[in-house]
Amino acid sequence: MQMHIDKYERAWIVAVTIILAVFFASLVAGAVIYGVRPTQPDGFINPLMLDESEFANPGVRHMGGNQYEAIVMAQAWQFLTGEVEDGVPVIRVPAGAEVTFRMTTRDVIHGFMIEDTHVNMEVIPGHIGSARETFEEPGEYYFLCTQYCGRNHQGMWGKVVVEETVIET
């Protein structure tokens with residue numbers, strides 16, 4: 001008994017093989033040439049012990065020079081940033097500041113993305129995640145949860161307020 005492969009079937013087999021090869025090559029190129037790697041946590045923390053850690057008092061801390069650290073806690077449908085303005089969580093920094101965002105969550109996986117920046121991370125219970133961004137232009141940059149986290153996920157947002165710096169003479 002001889003197997004017969006139709007010409008259309010052969011064309012689809014070849015096409016799928018080429019597509020898979022291109023996808024695999026792009027993964028290898030991303031990893032080898034461009035250094036794309038999965039995000040690694042900056043540390044680990046017991047989600048039951050967050051009230052006894054730096055995340056118990058979220059907020060912006062001046063680290064000296066133009067360096068700032070924003071400690072943010074994500075939890076069921078809200079970001080805790082230490083400051084709220086009109087019911088909206090706020091992270092306030094001066095223009096030109098380099099801000100390191102340190103985050104974790106106590107409940108489920110959340111996302112944290114700031115519009116018009118490179119900040120986009122998963123916030124995972126037990127992991128401390130961080131991202132760094134320099135805000136050159138004054139204005140408001142909205143952030144939101146990018147991982148569906150429950151019934152009020154759409155209300156989980158806030159803003160980074162970048163204020164004009166005043167140079168005293």
Side-chain angles (χ1 to χ4, degrees), residues 1-50 53-55 58 60-61 63 65-81 89 91 93 95-137 139-150 153-154 156-160 162:
M1 185 168 137
Q2 187 176 2
M3 184 191 296
H4 174 70
I5 297 178
D6 185 28
K7 66 179 181 176
Y8 296 111
E9 189 175 12
R10 184 183 317 272
W12 277 108
I13 291 171
V14 169
V16 167
T17 303
I18 291 171
I19 290 170
L20 288 174
V22 168
F23 285 156
F24 183 73
S26 68
L27 286 173
V28 170
V32 174
I33 297 170
Y34 300 107
V36 175
R37 301 280 185 271
T39 305
Q40 297 297 315
D42 277 358
F44 298 94
I45 191 166
N46 182 343
L48 301 175
M49 305 297 279
L50 292 177
S53 72
E54 65 183 325
F55 296 100
V60 177
R61 293 163 176 79
M63 305 305 285
N66 223 14
Q67 307 284 322
Y68 290 81
E69 184 176 70
I71 305 297
V72 181
M73 168 88 103
Q75 65 183 32
W77 316 310
Q78 63 181 333
F79 289 107
L80 303 176
T81 61
I91 298 169
V93 295
E98 181 181 288
V99 183
T100 301
F101 296 90
R102 290 180 45 84
M103 304 188 69
T104 193
T105 177
R106 72 172 68 243
D107 48 23
V108 298
I109 295 176
H110 296 279
F112 182 76
M113 186 209 53
I114 304 174
E115 70 174 356
D116 300 327
T117 70
H118 295 103
V119 176
N120 188 356
M121 68 173 124
E122 277 190 321
V123 185
I124 301 170
H127 289 204
I128 298 172
S130 71
R132 185 172 295 142
E133 184 67 30
T134 301
F135 293 93
E136 299 293 344
E137 296 296 320
E140 294 183 347
Y141 299 81
Y142 291 92
F143 57 85
L144 55 102
C145 181
T146 56
Q147 291 283 345
Y148 181 74
C149 55
H153 162 73
Q154 73 280 356
M156 193 169 170
W157 64 279
K159 62 185 175 180
V160 176
V162 180

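Values reported hereafter were calculated over all heavy atoms of this structure, with side chains retained and with hydrogens, waters and symmetry mates removed.
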- Ile114 CD1 to Phe135 CZ distance, which is reported to the nearest 0.5 Å: 4.5 Å
- Item | Interatomic spacing from CZ in Phe44 to CD1 in Ile128 - rounded to 0.5 Å | 9.0 Å
- Item | Whether Asp116 side chain and Tyr141 backbone form a donor-acceptor pair below 3.5 Å | no
- Would you say the side-chain atoms of Glu115 pair up with the backbone N or O of Tyr142, donor to acceptor, closer than 3.5 Å? yes
- Roughly how far, to the nearest 0.5 Å, is CD1 of Ile71 from OG1 of Thr100? 9.0 Å
- Would you call Thr104 and Pro125 a side-chain contact if the rule is heavy atoms closer than 4.5 Å? no
- Note on the structure: Of all heavy-atom pairs linking Gly129 and Met121, the shortest is C-SD, 4.0 Å
- When every non-hydrogen atom of Glu98 is compared with those of Arg132, the smallest separation belongs to OE2-CD, 3.0 Å
- Query: How many angstroms lie between CD1 in Ile45 and NE2 in His127, if you round to the nearest 0.5 Å?
  - Reply: 12.0 Å
- Minimum heavy-atom distance Gly111-Thr146, with the two atoms named: CA-OG1, 3.3 Å
- Glu137 versus Val162: any side-chain heavy-atom pair under 4.5 Å? no
- Item | Sub-4.5 Å side-chain heavy-atom contact between Phe55 and Leu80 | no
- Note on the structure: For Thr134 and Gly96, the nearest pair of non-hydrogen atoms, with its separation, is CG2-O, 3.9 Å
- Query: Are Phe143 and Phe101 near enough that their ring centres are under 6.0 Å apart?
  - Reply: no
- If you take all heavy atoms of Val108 and Cys149, which pair is closest and at what distance? CG2-CB, 3.9 Å
- Message: Please report the interatomic distance NZ(Lys159) to CD1(Ile91), rounded to the nearest 0.5 Å.
- Response: 12.0 Å
- Item | Donor-acceptor contact below 3.5 Å, side chain His110 vs main chain Gln147 | no
- Step by step, work out the side chain to side chain contact (heavy atoms under 4.5 Å, CB included) result for Phe79 and Cys145. CA-CA 9 Å; Phe79 289 107; Cys145 181; 4.1 Å; yes
- CD (Gln154) with more than 12 external heavy atoms under 6.0 Å: yes
- Query: Looking at side-chain heavy atoms only, is the closest gap between Met73 and Leu50 below 4.5 Å?
  - Reply: yes
- Item | Any donor-acceptor N/O pair, Tyr8 side chain to Arg10 backbone, under 3.5 Å | no
- Message: Please give me the minimum heavy-atom distance between Gly126 and Pro47, naming the atom from each residue.
- Response: N-CG, 3.6 Å
- Query: CZ/Arg106 to CD/Gln75 distance, rounded to the nearest 0.5 angstrom?
  - Reply: 5.0 Å
